[in-house]
Number of protein chains: 2
Amino acid sequence: MRITDLRLTPVAFYDPPLRNSWGTHAPEALRTIIQLDTDVGLTGISETYGGDGPLAELAHAREIIRGEDPYHLERLRLLIESPPTFAAIEVACLDVIGKAGDRPVCDLLGGAVRERVSFSAYLFFKYAGADPWGEVGDPQQMLDLARAWAEKFGFTTFKLKGGVLPPDEEIETVRLLREAFPTAQIRLDPNAIWSVETSLRVARQLRQYDVEYLEDPTADIAGMARVRAGVPDIPLATNMCVKSFADIPPAVQMGAVDVILGDHHFWGGLTGNKRLGQICETFRLGIGMHSNTHLGISLAAMLHSAATIPNLICACDTHYPWQSEDVISSPFRFEGGALPLPTGPGLGVSIDRDKLAALAERYERSRQRSRDDTAEQRRLDARYLPFRPRW
Amino acid sequence: MRITDLRLTPVAFYDPPLRNSWGTHAPEALRTIIQLDTDVGLTGISETYGGDGPLAELAHAREIIRGEDPYHLERLRLLIESPPTFAAIEVACLDVIGKAGDRPVCDLLGGAVRERVSFSAYLFFKYAGADPWGEVGDPQQMLDLARAWAEKFGFTTFKLKGGVLPPDEEIETVRLLREAFPTAQIRLDPNAIWSVETSLRVARQLRQYDVEYLEDPTADIAGMARVRAGVPDIPLATNMCVKSFADIPPAVQMGAVDVILGDHHFWGGLTGNKRLGQICETFRLGIGMHSNTHLGISLAAMLHSAATIPNLICACDTHYPWQSEDVISSPFRFEGGALPLPTGPGLGVSIDRDKLAALAERYERSRQRSRDDTAEQRRLDARYLPFRPRW
């Protein structure tokens, strides 16, 4: 089997005005849909970051991979170099290998050790938008959102995207969530917007609310190591200070983190995520799963990845419930806060041509060509500056 | 595809009286040949340690794996627990998966990044035996052996199994090898028989002979860390102080080693070796490949493993040239110190039924049921005691 072409379709779709420590999500999110053609008539699919930058890298990689065997992933990893670009191609290769052999992608990664994958409710403070969830601007509104999502999707783990309100209001939000959901897992992620001192103060306060972990309270391995030394009884998770394999040795040596959040899009694909899981197992670190805004193809890949990493025992993060549009034929629906592993060959999802064409047209019409939450925030408030740390 | 049975054939075959820091190889080496049957009519093969202990563990595993899918390796790894037992089954699973999909085993591990795998000449001091190589009892005889093997097999890397003669005679052996082979890689492995102080003294002497690495000069992570701190410019390799994933974090933290020698037989199979390679890459440790006495099925598995670990750039160790018998139809022949990667589906080697039957009969006739180099040495010299350290 040989790769004959790589078709790249940039897409844009509605995204609610979700808030984080950089600013606010723009009204359109961008992704790139990949179709990898082979000389046996089968096509593998995947999904990755959107916009001009990723597209240019993928266009370059297209020339590298033409004529290559999709099984030769180590070779492709060496030739492509960039982990996100390789990841996009690797997932499409695994999809086409699975289709060729009538096997789900997880079977190419050691097989599934779980048939359902649990997810967290990814709770954002937000402005009112064209979505059904209204404004979420204070602790009480966040509790209302959590209740609605618990009822609609069955989530029992709540990830609060913090770093938006002053720390005391986010602590109060955690207090309300804990009161309303006494047995839930609750995690808080202010995206590294706090100083070390503020992180320590918040962590001390959070002790009483039994948080699952505190994610990236402050920036960098050095900062995280100081927070962890100060509050060793609250696990620290990261997708910001450890985001490549080269970050792991210093993070281990400095004792910076307890849990690393994998993400196949930037850890070098499903094999990269698997490798991360194995390193975490070896060093007795926890592993979770990070999410950016994504559609159903990425979600399918995340499911296969989570199913085949035995030590991934905490709920995965996903932005998926925030999305009202998709490119796959049968969008996923959460039940009991979880999704079943797709059972078909490859990723087990297929592209709906009409949906893809519609979102591709939206991309053509969109003026946006990269993600910039700070720019969006500055459109709402011209005086806004992205202080880091802010508190 | 489902596993229907596991057929275990213990074999015994002639092994020369090779010497090491424990004693001497007995006249017969033991291995176990595995045939894993499936409901699609295909059989996967592998080879592992011999004797009663491994046989009993494999017989137990047989009951666990009946009815399982050979693709579900993570599940089997969890269920079987013991890395060597899992390894034996995992290789057979990969062989049968490769056969089913008409793909070489390396393609199930990310594909080959090299078509030929280089090996070292594994030089042992030895007694005269029923092999063609005579006695090798002093530095000059070792040089003669190295010259003969370089000519016959084309090796350009020499691994001297030390820990047999007093250290100064082994240093002299290295000196002779370096003089005769100015551009060769030379490694020395006394199997942890030296004290830390002796290791430091030998290492200081070896500086002038440009050794590739010094393997396990002394015992344990603590000892190796002291040697490495003392002679930081000579890389230390190990297959003795780091032999499971749990050993890696303390070895990294204490700075015990530079190179870890993989071996799929005890690192949890080809996926385990791969995982080790990835951890070594992440922590910027070197990776090589260790060998026990083995036949051609294990050698085929080693080739597939080495071909798909990009950072395995040093020559692999193998006992194979010492063996005059085999169970595979077409035994391997070294050329230029290397072997080509088998190209057929699966491992790319097949069992010769007559050869297997003959070596199985030898096992039945043999009184040996486990490997014990010390017992063999004590048969030659009743006063022999396995001092550790000896020097």
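Letters go in sequence order (proteins before strands), and every chain restarts at 1.
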With respect to chain B, which residue among Pro249(A), Ser244(A), Gly111(A) yields the maximal number of heavy-atom pairs within a distance under 4.5 Å?
-> Pro249(A)
Side-chain donor or acceptor of Lys99(B) paired with backbone N/O of Thr43(B) under 3.5 Å = yes
Using non-hydrogen atoms and a 4.5 Å limit, figure out which bit of Leu78(B) sits close to chain A: side chain, backbone, both or neither.
-> side chain
Donor-acceptor side-chain pairing of Asp317(B) and Ser120(B) below 3.5 angstrom | yes
Report the relative orientation of the aromatic rings in His290(A) and Phe266(A); use parallel for angles under 30°, tilted for 30 to 60°, perpendicular for over 60°.
-> perpendicular
Contact list for residues 73-120 of chain B, test ring pair (Phe, Tyr, Trp, His ring centres under 6.0 Å), sequence neighbours left out | Phe119(B)-Phe334(B)
Atom group of Asp69(A) that falls short of 4.5 Å from chain B, counting heavy atoms = side chain
Answer key: most heavy-atom pairs under 4.5 Å with chain A among Glu281(B), Gln253(B), Arg284(B), Arg75(B) is Glu281(B)
Of Thr271(A), Thr282(A), Leu73(A), the largest count of non-hydrogen pairs under 4.5 angstrom with chain B goes to Thr282(A)
Any pair with a residue in residues 241-260 of chain B that passes ring pair (Phe, Tyr, Trp, His ring centres under 6.0 Å), sequence neighbours left out, goes on the list, sorted by first then second residue, please.
-> Phe245(B)-Trp267(B)
Ranking His72(B), Glu74(B), Lys274(B) by heavy-atom pairs under 4.5 Å to chain A gives rank one to Glu74(B)
